[in-house]
Number of protein chains: 8
Amino acid sequence: MGPRDILEEISEGKITVEEAEARLTGYVTTDAGRFDAARERRRGLPEAVFAPGKTTAEIVALVEASLETTGRAIVTRVDQTAVTAVRESIDADLAYDERSSVLVVHAPDFEPPVLDARVGIVTGGTADAVPAGEAAAIVRETGATVERIEDVGVANLTRIVDQLPVLREQDVLIVVAGREGALPTVVAGLVDVPVIGLPASSGYGHAGDGEAALSGMLQSCTVLSVVNIDAGFVAGAQAGLIARAIAAARGD
Amino acid sequence: MGPRDILEEISEGKITVEEAEARLTGYVTTDAGRFDAARERRRGLPEAVFAPGKTTAEIVALVEASLETTGRAIVTRVDQTAVTAVRESIDADLAYDERSSVLVVHAPDFEPPVLDARVGIVTGGTADAVPAGEAAAIVRETGATVERIEDVGVANLTRIVDQLPVLREQDVLIVVAGREGALPTVVAGLVDVPVIGLPASSGYGHAGDGEAALSGMLQSCTVLSVVNIDAGFVAGAQAGLIARAIAAARGD
Amino acid sequence: MGPRDILEEISEGKITVEEAEARLTGYVTTDAGRFDAARERRRGLPEAVFAPGKTTAEIVALVEASLETTGRAIVTRVDQTAVTAVRESIDADLAYDERSSVLVVHAPDFEPPVLDARVGIVTGGTADAVPAGEAAAIVRETGATVERIEDVGVANLTRIVDQLPVLREQDVLIVVAGREGALPTVVAGLVDVPVIGLPASSGYGHAGDGEAALSGMLQSCTVLSVVNIDAGFVAGAQAGLIARAIAAARGD
Amino acid sequence: MGPRDILEEISEGKITVEEAEARLTGYVTTDAGRFDAARERRRGLPEAVFAPGKTTAEIVALVEASLETTGRAIVTRVDQTAVTAVRESIDADLAYDERSSVLVVHAPDFEPPVLDARVGIVTGGTADAVPAGEAAAIVRETGATVERIEDVGVANLTRIVDQLPVLREQDVLIVVAGREGALPTVVAGLVDVPVIGLPASSGYGHAGDGEAALSGMLQSCTVLSVVNIDAGFVAGAQAGLIARAIAAARGD
Amino acid sequence: MGPRDILEEISEGKITVEEAEARLTGYVTTDAGRFDAARERRRGLPEAVFAPGKTTAEIVALVEASLETTGRAIVTRVDQTAVTAVRESIDADLAYDERSSVLVVHAPDFEPPVLDARVGIVTGGTADAVPAGEAAAIVRETGATVERIEDVGVANLTRIVDQLPVLREQDVLIVVAGREGALPTVVAGLVDVPVIGLPASSGYGHAGDGEAALSGMLQSCTVLSVVNIDAGFVAGAQAGLIARAIAAARGD
Amino acid sequence: MGPRDILEEISEGKITVEEAEARLTGYVTTDAGRFDAARERRRGLPEAVFAPGKTTAEIVALVEASLETTGRAIVTRVDQTAVTAVRESIDADLAYDERSSVLVVHAPDFEPPVLDARVGIVTGGTADAVPAGEAAAIVRETGATVERIEDVGVANLTRIVDQLPVLREQDVLIVVAGREGALPTVVAGLVDVPVIGLPASSGYGHAGDGEAALSGMLQSCTVLSVVNIDAGFVAGAQAGLIARAIAAARGD
Amino acid sequence: MGPRDILEEISEGKITVEEAEARLTGYVTTDAGRFDAARERRRGLPEAVFAPGKTTAEIVALVEASLETTGRAIVTRVDQTAVTAVRESIDADLAYDERSSVLVVHAPDFEPPVLDARVGIVTGGTADAVPAGEAAAIVRETGATVERIEDVGVANLTRIVDQLPVLREQDVLIVVAGREGALPTVVAGLVDVPVIGLPASSGYGHAGDGEAALSGMLQSCTVLSVVNIDAGFVAGAQAGLIARAIAAARGD
Amino acid sequence: MGPRDILEEISEGKITVEEAEARLTGYVTTDAGRFDAARERRRGLPEAVFAPGKTTAEIVALVEASLETTGRAIVTRVDQTAVTAVRESIDADLAYDERSSVLVVHAPDFEPPVLDARVGIVTGGTADAVPAGEAAAIVRETGATVERIEDVGVANLTRIVDQLPVLREQDVLIVVAGREGALPTVVAGLVDVPVIGLPASSGYGHAGDGEAALSGMLQSCTVLSVVNIDAGFVAGAQAGLIARAIAAARGD
């Protein structure tokens with residue numbers, strides 16, 4: 001049904017203004033709810049505040065707005081100072097992961113969603129902890145179960161083979177890799193679920209800062225899709241969307 | 001169960017050699033069947049032959065090997081000459097899409113899989129036809145239903161809004177875009193299913209050949225995962241993996 | 001009339017030395033007035049001092065010179081220390097926008113120009129505030145009316161559609177965008193006035209720091225012209241030149 | 001007036017369906033007319049067909065569609081073969097500029113627009129002829145007067161000074177430059193109208209193919225906006241939009 | 001012993017002019033022998049003629065010079081036309097590998113060297129055949145034994161494990177890889193001999209043409225040294241130098 | 001002998017579980033020994049801890065683990081703070097080279113290996129000291145003899161010629177160079193042993209930070225293999241592997 | 001003496017119009033002579049026609065114009081077809097160097113300049129012949145003596161040392177190098193005259209096409225100035241300017 | 001006379017050892033004098049110490065060595081701390097230019113050279129002061145006269161024309177430019193002496209940090225040679241070499 005049909009139906013009184021608006025735009029907007037109702041309703045994904053470049057006051061205000069409209073708030077790449085400010089101004093449950101600099105805030109009455117789906121997050125070393133932690137936080141907020149599979153490196157294949165049973169129990173895999181970024185390719189060759197490559201900005205010298213890893217994942221001779229360097233939020237959210245689709249099909 | 005456990009079980013006679021091999025490697029290898037049994041069994045994805053740089057004789061041989069072991073063959077970026085050679089040497093059903101240069105061959109007794117899942121492939125213009133066609137061919141071979149949504153450009157939003165109902169009926173979306181690559185971002189803001197961005201090598205001048213589109217998709221302010229420029233096969237296969245997981249959850 | 005004609009006229013006494021100089025060079029230069037009389041007279045644009053790499057003393061001196069010859073001074077990317085120094089040494093009206101680090105100084109008797117033309121400055125998020133503020137300051141100094149249209153993002157089309165009436169009332173639009181830089185393309189598809197794309201150095205990872213946004217705007221499938229990353233001054237001045245031409249045609 | 005107001009007005013019978021559609025989308029779409037009515041109505045710019053990658057049959061079809069809905073067609077980067085095919089299948093007035101590979105087709109009863117505005121197109125050498133010709137064709141189709149100012153190079157300043165009177169009579173300038181791309185900067189320092197820099201893909205070696213010219217224009221120490229390398233169509237269309245705004249203000 | 005000592009010895013008549021020259025320069029030069037005596041004597045490596053950009057006549061002349069002074073000639077990246085010309089003008093044993101475009105010519109009385117050392121050349125697919133063949137030809141000419149290990153890809157680990165015994169029998173390994181270039185990393189994690197990574201210019205899209213493979217090898221989390229993209233000659237010669245050192249230590 | 005044969009042997013009781021595991025994986029893994037036993041056993045190379053991005057506590061823990069399982073620890077790019085922490089918590093012999101930021105720790109009873117092989121490390125200036133020192137530390141730990149040849153620059157050929165006798169006494173050469181990276185090419189033209197080029201991140205401006213040096217070494221017209229910019233560890237370890245192979249052939 | 005003084009002098013009748021024009025612009029322009037009189041007079045350098053992208057007819061016309069106004073013409077990167085056309089239409093002395101594709105045409109009565117200065121052009125191999133030949137042609141046209149020093153490579157230092165006496169007899173050196181571009185650095189370390197580095201587009205793989213050579217020359221640890229890749233004309237002309245200055249000082 | 005002839009002469013007692021060494025190597029080396037005697041004797045250029053990455057103690061030591069062997073020392077990019085340390089430890093005449101961070105030290109009895117030649121250094125703005133100052137210091141040390149021509153920008157041609165008489169009095173010109181780097185092209189079109197382009201790392205956004213300026217100078221449509229970004233030392237030394245050649249020809 002195209003927009004003209006909708007307009008004709010409203011003109012004929014068959015549908016209400018609200019219904020027409022919802023059909024035309026995909027969501028009803030209210031004065032209070034623009035910030036986050038949008039993404040939560042459209043994509044089932046919690047919106048996250050990207051902290052760099054924002055003042056502490058702005059971060060606090062965005063957390064408040066997010067809590068009011070969706071019952072929770074996620075802030076990525078946020079430092080301890082801003083976390084303390086949030087803690088002092090807002091009465092809610094805070095969980096801050098210092099390693100990956102992710103802050104998750106739940107209103108006292110927030111009931112987190114639960115999805116019947118498992119997302120595995122695979123890392124090769126400690127250098128991958130930051131984007132992996134960011135991805136894990138957002139996956140958890142979608143309600144999927146997160147399994148961390150750590151210290152799996154391409155230069156030591158036995159370690160990967162040891163973890164095969166766990167890898168194969170997941171519905172989706174996020175595979176983080178810096179340096180040459182070969183791990184997602186090796187893992188994707190061993191499992192039958194979708195693999196999302198997440199390049200980490202480790203490495204140095206030529207094509208350092210994650211560029212070699214990104215290039216390698218894009219050129220992979222197996223089947224992968226990829227997100228930007230260090231884009232833990234995007235990888236987690238994309239895995240969450242897939243997990244949600246699978247859980248819905250399972251009858252959640 | 002790690003490899004050592006498997007070895008102990010075989011040592012104790014609890015499992016056969018074949019079973020041990022399958023568990024250890026993820027697939028049984030035979031002399032004839034290495035080529036494609038591998039990927040089909042591991043990932044449920046048909047293997048494809050990438051034609052560039054291969055001689056006609058090699059392509060024919062690879063098609064034959066693929067047909068024998070898996071009942072079908074897919075050749076990407078293949079020209080008419082090689083297609084004719086395949087047609088003349090092999091007795092099978094051929095489907096060749098000249099626009100996207102994809103050849104699909106089915107053995108007479110091949111029964112294609114059927115998945116209860118829908119994959120939408122969205123394009124902005126005729127320049128996107130080649131990678132979109134490649135993606136469509138591989139999705140069809142996974143058994144998912146393909147819906148093509150064409151001529152949807154960011155410079156004309158009404159056209160996108162017109163297609164919203166169709167977009168929202170899909171389980172996964174592949175969104176192809178050349179030039180500035182903004183279409184996947186706009187589409188992903190309107191739907192609640194996973195979106196895979198496929199950059200097309202259209203465009204010219206600075207960051208032409210798909211680089212601007214790739215960069216834009218990686219930097220997207222919404223949630224996307226991405227494949228390499230013109231990587232229609234990868235996009236189609238990744239969408240197929242997601243579709244298969246959803247269909248399996250639906251009880252296929 | 002070429003230079004030889006001018007020389008012949010002066011040789012014949014038909015024109016004065018001053019007139020010949022003005023015709024030959026486009027402007028008369030004086031000892032005191034080289035700094036800014038030049039650009040103001042030639043292009044009707046106030047000259048701006050780019051603060052990075054200059055000492056506080058140099059900035060103060062340049063502001064003084066600018067005030068004496070043109071009645072005002074604009075300093076971009078200037079910090080609070082230099083602003084304080086200017087405030088203490090110069091008796092004039094100061095306006096400092098901390099967010100965009102722009103300082104505007106008017107001599108007490110300066111009469112700002114007024115143009116009958118409107119320039120809209122469109123931003124998608126708080127990350128765009130710095131170049132947008134720089135652009136706004138220079139547009140205001142040309143005398144055009146500035147309209148700020150904020151929080152308009154490509155991932156949420158309704159917000160753009162809501163603002164269409166305001167967008168269509170402007171004579172020129174500056175559209176700021178970081179990350180994938182798609183906003184100018186979407187906006188330019190909806191209006192019939194010139195759009196100038198201003199890429200912002202937000203974003204991270206591959207093609208971060210505004211490169212993806214710049215590439216996307218250059219590759220835009222609609223009609224745009226573009227300025228350098230974060231070049232708020234240039235975008236504002238170019239919009240001011242267009243506004244001035246329109247206002248002049250309106251009979252200002 | 002936002003979309004909700006429009007919907008309420010239609011619901012109350014105050015406006016017709018067609019009016020509501022036009023207000024909501026910015027243009028009425030018909031079955032036949034999507035192709036080009038869109039851009040012509042929205043931006044007052046003729047749509048152009050970008051020939052590379054399209055078959056002769058497709059080009060002919062697009063020309064026909066364009067002629068039917070807007071009375072004219074423009075095809076850029078088109079070769080002689082396709083031009084002959086268009087000539088043989090379509091009864092209309094054809095103008096083909098072999099140098100810049102632009103084809104302009106007018107239906108017999110097409111009345112071209114006339115704008116009271118002048119656009120100057122400045123080039124430094126024969127290498128700039130292709131993008132300059134493309135820009136000129138599109139400016140002419142907007143109805144503005146085109147003035148070509150040729151053989152003006154930065155290594156020979158007298159030639160520029162000779163042309164100053166002509167340069168200053170224009171309302172907008174497109175300045176084409178390859179190699180180091182310095183000409184737009186030098187010209188913009190001498191005039192008081194908006195200058196659009198158009199980098200040409202001449203040059204060789206490091207940063208050849210127009211990249212040095214593009215970089216130089218983006219870094220210009222004067223006020224310019226820029227389009228992509230060889231983007232004659234975009235430069236011409238942007239100049240046309242500015243010319244149209246000026247002409248409208250003049251009372252066209 | 002520094003140059004001054006040599007000069008003093010010659011001055012004192014302790015050594016001859018020829019001996020002084022040889023000590024000072026590392027080799028005696030003669031009119032006829034400059035071309036190849038040099039590298040053969042200095043590094044024990046046969047010199048190769050890089051054919052691209054040379055005329056057939058030049059290639060024939062260089063082959064003749066090489067044969068006369070060292071008893072053999074190697075030409076890389078040479079086409080059939082030049083090979084035919086060499087065959088017609090020179091009476092010698094020719095071996096031409098069409099796949100890798102390497103021509104090896106031995107004078108009738110040439111006695112090839114024999115080294116007690118083994119060099120393994122590992123490839124992942126047919127796309128690697130060209131640089132692998134070039135490497136193999138030069139290794140063979142150093143006298144080392146060449147073992148080709150083919151069709152070993154990172155997306156199928158069992159295949160690598162199957163080849164472990166052969167891989168571990170080699171003294172040096174050259175590992176060729178295109179696309180993401182992960183194979184040398186995986187192989188180097190399994191063996192205890194020096195591994196030389198040779199990136200192949202397969203791949204397409206972002207960082208195609210071997211750049212992703214090169215970057216990945218440089219960033220490898222294991223121990224590798226690397227040569228330029230498609231530099232089969234360099235990889236083979238470096239492996240040959242290592243093989244020669246080992247063979248010498250074995251008492252060859 | 002492929003994996004299937006191994007499995008059949010174990011099934012027939014011909015080999016033990018441990019032996020099968022070792023043959024299949026290349027090494028036996030124990031709970032305690034994964035960290036470093038792996039690389040030491042596989043490649044005969046000591047594992048090194050790359051300090052950047054790790055906390056002091058993590059570095060201390062990794063040093064302890066390394067000491068327990070292999071009797072020594074190497075930490076690269078480590079600062080004085082972490083070195084002090086290691087000194088205070090661990091009872092062992094520490095050697096810290098402040099210039100190259102390498103820490104080597106030996107357990108009191110550790111007996112370092114001794115190899116009958118010489119590795120020369122050639123540098124052009126003080127800017128090369130950091131990667132050269134890192135390379136020297138790892139070579140020493142392999143047991144090979146390290147010879148430092150310093151202040152050898154391409155702009156002063158006599159200095160190189162003076163060092164020729166020393167250069168020619170080595171079994172392998174690591175040649176460090178920043179700026180234009182020409183030194184490895186010049187040296188490799190004068191010796192008959194394998195040369196490993198190690199680009200240093202000195203230099204400034206275009207292709208600074210080692211990129212020009214890396215490119216130059218990859219393009220070298222003589223025979224070299226190369227490691228990443230500043231990758232002293234990799235260069236040292238690769239030289240160590242070659243030295244070990246030569247020493248083994250000598251009958252160590 | 002500034003322009004105002006000149007204008008005052010002409011106004012007072014002290015100087016003629018022609019003299020004023022010459023002083024103001026640096027050269028007198030005539031209708032016929034703009035093309036080449038300009039550069040010849042200003043810089044003492046013959047203008048050259050860059051053939052790529054020009055039609056045969058255009059090349060012939062430009063040669064004619066050049067001959068008429070300056071007595072000679074130089075065309076670079078010109079093919080045999082255009083040379084034949086020039087030969088057939090113009091009665092003059094033609095010299096065409098097929099290797100470097102340079103055509104030099106002298107009018108029958110042209111008297112070439114003679115400078116008492118020597119320019120050495122140093123090359124490492126046949127790959128450098130094209131830019132070296134282009135440079136030689138333009139140096140010869142300036143009247144300086146050209147000395148070609150060929151087959152001098154950094155991998156064979158004796159060859160360079162052999163040529164030292166010749167190298168030191170030159171007033172200026174152009175040193176051509178492809179691949180790693182180290183030759184100018186080595187040569188500049190051995191002589192006391194200005195060295196101009198000319199990167200050649202030989203090489204392949206990473207930073208091929210002259211980029212590695214250009215980077216290496218810019219990063220040189222000795223004193224060099226550089227021109228663009230393959231810019232034989234620019235190198236030759238710059239050397240010619242230096243030669244002319246030296247010759248003038250010698251009293252030419 | 002080749003090396004063999006020299007060896008024969010020494011063998012015959014015709015020349016001394018010292019003379020042979022000097023002829024063979026181009027300079028006599030002594031234990032004390034390697035550091036700087038080398039460059040001073042070979043090229044007539046004072047050696048400079050590049051301070052970044054060196055400790056204060058190392059800088060002091062290098063200054064002492066330089067003073068002892070050549071009577072002076074130059075240190076570039078050196079901060080106040082190191083300058084103070086030099087002042088305290090060494091009894092000599094110090095001149096430190098804070099703006100360009102260049103330190104020049106003369107021994108009390110050092111007699112600076114004097115050359116009859118003029119080098120002009122042209123800058124467009126204050127951003128160019130650092131490399132310009134570095135260039136000026138080294139030119140002065142060669143003995144040539146330095147003329148600074150400041151505030152000459154391409155956006156204001158009259159300023160350039162005003163300076164033409166001064167520009168034309170110089171023997172060599174160094175033209176510094178950041179941003180788009182057009183100034184050397186414009187200047188070179190107006191003078192008849194060699195121009196050396198020196199790109200400055202001003203600018204921001206795309207191709208900032210001097211890359212646009214470098215590219216523009218390499219692509220210049222006039223005759224220039226170029227040095228690396230901010231390479232004031234190289235530009236000054238190259239200009240000094242040219243000045244020295246001219247002065248020598250004048251009979252200095």
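Quick note on labels: first sequence line is chain A, next is B, and so on, each numbered from 1. Note that these values count all heavy atoms, side chains included, but never hydrogens, waters or copies made by symmetry.
- If you tally non-hydrogen atom pairs under 4.5 Å between each of Gly124(F), Ser202(F), Ala207(F), Gly178(F) and chain G, the highest count goes to Ala207(F).
- Among Met217(F), Arg179(F), Gln219(F), Glu211(F), the residue making the largest number of heavy-atom pairs under 4.5 Å with chain G is Gln219(F).
- Ranked by heavy-atom pairs under 4.5 Å with chain G, the list Ala213(F), Gly205(F), Ala212(F) is led by Ala212(F).
- Side-chain atoms of Glu180(G) do not come within 3.5 Å of backbone N or O of Ser215(F) as any donor-acceptor pair.
- Around CD of Glu98(G), the count of heavy atoms belonging to other residues, nucleotides or ligands within 6.0 Å does not exceed 12.
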